[in-house]
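A quick write-up on the structure given underneath.
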Amino acid sequence: MARFAIRNPYLIIVACLFAAVIGVTSLLRMPVDLFPVINIPEVVVATFYSGMPPEDIETEITGRFERFFTLGAGIDHMESR
């Protein structure tokens with residue numbers, strides 16, 4: 001096999017280029033339904049810190065989370081309890 005490849009380098013190069021062109025063409029013609037849109041409708045974050053009052057959890061932890069999550073795109077609703 002190696003001896004054949006050494007004797008016919010142009011044939012090997014053409015075969016590799018042919019395989020690459022067929023692969024790219026197949027990828028571009030692949031139907032979209034094979035790649036479904038994944039939509040995660042809800043994310044829940046629970047914060048527990050024993051010994052800390054709820055007001056401090058709200059200002060120190062939940063407030064930072066809310067500021068961080070507002071940087072994300074496509075957020076329709078955010079709620080903290």
Side-chain angles (χ1 to χ4, degrees):
M1 186 87 155
R3 189 173 294 167
F4 177 78
I6 291 172
R7 286 185 186 163
N8 302 307
Y10 296 115
L11 179 65
I12 301 301
I13 291 172
V14 169
C16 290
L17 290 175
F18 181 72
V21 168
I22 294 296
V24 169
T25 304
S26 298
L27 181 66
L28 294 176
R29 289 183 169 203
M30 191 176 298
V32 176
D33 63 337
L34 293 177
F35 302 113
V37 176
I38 298 173
N39 187 9
I40 300 173
E42 184 176 335
V43 176
V44 178
V45 178
T47 305
F48 301 101
Y49 197 101
S50 61
M52 183 180 259
E55 295 83 17
D56 291 342
I57 291 176
E58 181 181 3
T59 57
E60 295 293 324
I61 299 172
T62 306
R64 290 182 187 180
F65 280 160
E66 286 178 351
R67 284 193 302 274
F68 177 74
F69 290 139
T70 56
L71 299 175
I75 296 175
D76 296 329
H77 176 76
M78 186 185 307
E79 179 180 333
S80 298
R81 287 189 261 159

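Residues take their numbers from the sequence shown, with the count starting at 1.
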Quiz prompt | Between CD on residue Glu66 and CD1 on residue Ile61, distance to nearest 0.5 Å | solution = 12.5 Å
Quiz prompt | Pairwise distance CZ(Arg67) to OG1(Thr62) - rounded to 0.5 angstrom | solution = 10.5 Å
Under 3.5 Å, which donor-acceptor pairs link side chains of residues 8-21 to any protein atom two or more places apart or in another chain?
from, atom 1, to, atom 2, distance (Å)
Asn8, ND2, Phe4, O, 3.4

Quiz item: Should we count CD of Glu58 as having more than 12 external heavy atoms under 6.0 Å?
Solution: no
